[in-house]
Amino acid sequence: MSTVFTLQAATPDTLADIHALHPDPAEAARRLTVTQERVRAGQLDPARFLLLRAGGAVQGVCFVGPNARVPLFPTYRADTPAGALTAFLRELRRRVSDTPDRQLLLDDTLVTPRPE
């Protein structure tokens, strides 16, 4: 796995990447359709999704919504390089640093907890 990674906001052209880590392809396709409809209707800004890529593949995704009371629930692949994962989680914290009570939660049904 490549250790070169990028962090980028999703765009209308990368909406499929938002759901790339979903384990069920049929559900991912359904969610993509809903996401596309919401973006077209102006109800969702794709830039609210942070994408982590390594080796060109999506490694992590997190929605950073406008409601400060809603925690962040990132998802990432279990084999994501440690350095990339650390940078991803730090960037998420930075993006919500103006709301110190906002939580960044690692849900073990969405991610594999790792010591690093």
Side-chain angles (χ1 to χ4, degrees):
M1 167 108 9
S2 172
T3 57
V4 176
F5 64 90
T6 60
L7 296 171
Q8 62 189 136
T11 67
D13 293 333
T14 61
L15 292 179
D17 295 341
I18 293 169
H19 305 291
L21 300 180
H22 198 286
D24 179 354
E27 180 62 13
R30 186 194 71 73
R31 289 179 182 208
L32 174 57
T33 300
V34 171
T35 300
Q36 290 168 327
E37 290 169 359
R38 292 187 65 211
V39 168
R40 278 193 296 272
Q43 299 170 336
L44 179 64
D45 179 2
R48 291 256 179 211
F49 289 90
L50 180 64
L51 301 172
L52 167 65
R53 294 182 190 282
V58 176
Q59 294 290 312
V61 178
C62 189
F63 178 69
V64 183
N67 186 340
R69 289 179 279 169
V70 176
L72 304 184
F73 288 99
T75 58
Y76 54 83
R77 291 173 40 128
D79 62 349
T80 301
L85 179 57
T86 299
F88 179 57
L89 297 175
R90 282 185 178 154
E91 175 61 14
L92 290 171
R93 276 316 284 152
R94 187 197 66 75
R95 288 184 180 213
V96 297
S97 62
D98 60 337
T99 52
D101 292 337
R102 190 164 201 182
Q103 295 180 336
L104 173 61
L105 300 176
L106 302 181
D107 180 340
D108 65 0
T109 63
L110 301 173
V111 298
T112 302
R114 295 166 38 186
E116 63 271 19

Query - ring-ring contact (aromatic ring centres under 6.0 Å, His included) contacts touching residues 27-55 (sequence neighbours left out) - result: Phe49-Phe63
Query - Contacts of type side chain to side chain donor-acceptor pair (under 3.5 Å), residue Gln103, not counting sequence neighbours - result: none
Query raised in the report: How long is the span from the CD atom in Gln59 to the CG atom in Leu85, to the nearest 0.5 Å?
Result: 9.5 Å
Report task. Without swapping roles, check the side chain of Arg102 against the backbone of Pro71 for a donor-acceptor pair under 3.5 Å. Result -> no
**Report entry** Inter-residue atom distance Thr80.OG1 - Phe5.CZ, 0.5 Å rounding
**Finding:** 11.0 Å
Query raised in the report: How would you list all residue pairs meeting salt bridge (charged side-chain N to carboxylate O under 4.0 Å, His left out) that involve residues 61-73, not counting sequence neighbours?
Result: none
Query - Arg38: salt bridge (charged side-chain N to carboxylate O under 4.0 Å, His left out) partners, not counting sequence neighbours - result: none
Query - Common cluster, Leu44/Val64, ILVMFWY with side-chain heavy-atom separation under 4.5 Å - result: no
Query raised in the report: Does CZ belonging to Arg90 count more than 12 external heavy atoms closer than 6.0 Å?
Result: no
Query - Test ring-ring contact (aromatic ring centres under 6.0 Å, His included) applied to Phe88 - qualifying residues, sequence neighbours left out - result: none
Query raised in the report: Mind checking whether Leu52 and Leu89 sit in one hydrophobic cluster, side chains of I, L, V, M, F, W, Y counted as touching below 4.5 Å?
Result: yes
Query raised in the report: Shortest non-hydrogen contact from Arg95 to Ala47?
Result: NH1-O, 4.3 Å
Query raised in the report: If you measure from CG on Leu50 to CD on Glu91, what distance do you get to the nearest 0.5 Å?
Result: 6.0 Å
N/O donor to acceptor pairs below 3.5 angstrom from side-chain atoms of residues 10-23, sequence neighbours left out:
unit_1, atom_1, unit_2, atom_2, d
Thr11, OG1, Asp13, N, 3.2
Thr11, OG1, Thr14, N, 3.3
Thr11, OG1, Thr14, OG1, 3.3
Thr14, OG1, Thr11, N, 2.8
Thr14, OG1, Thr11, O, 3.2
Asp17, OD2, Arg53, NH1, 3.2
Asp17, OD2, Arg53, NH2, 2.3
His19, NE2, Thr35, OG1, 2.8
His22, ND1, Asp24, N, 3.1
His22, ND1, Asp24, O, 3.4

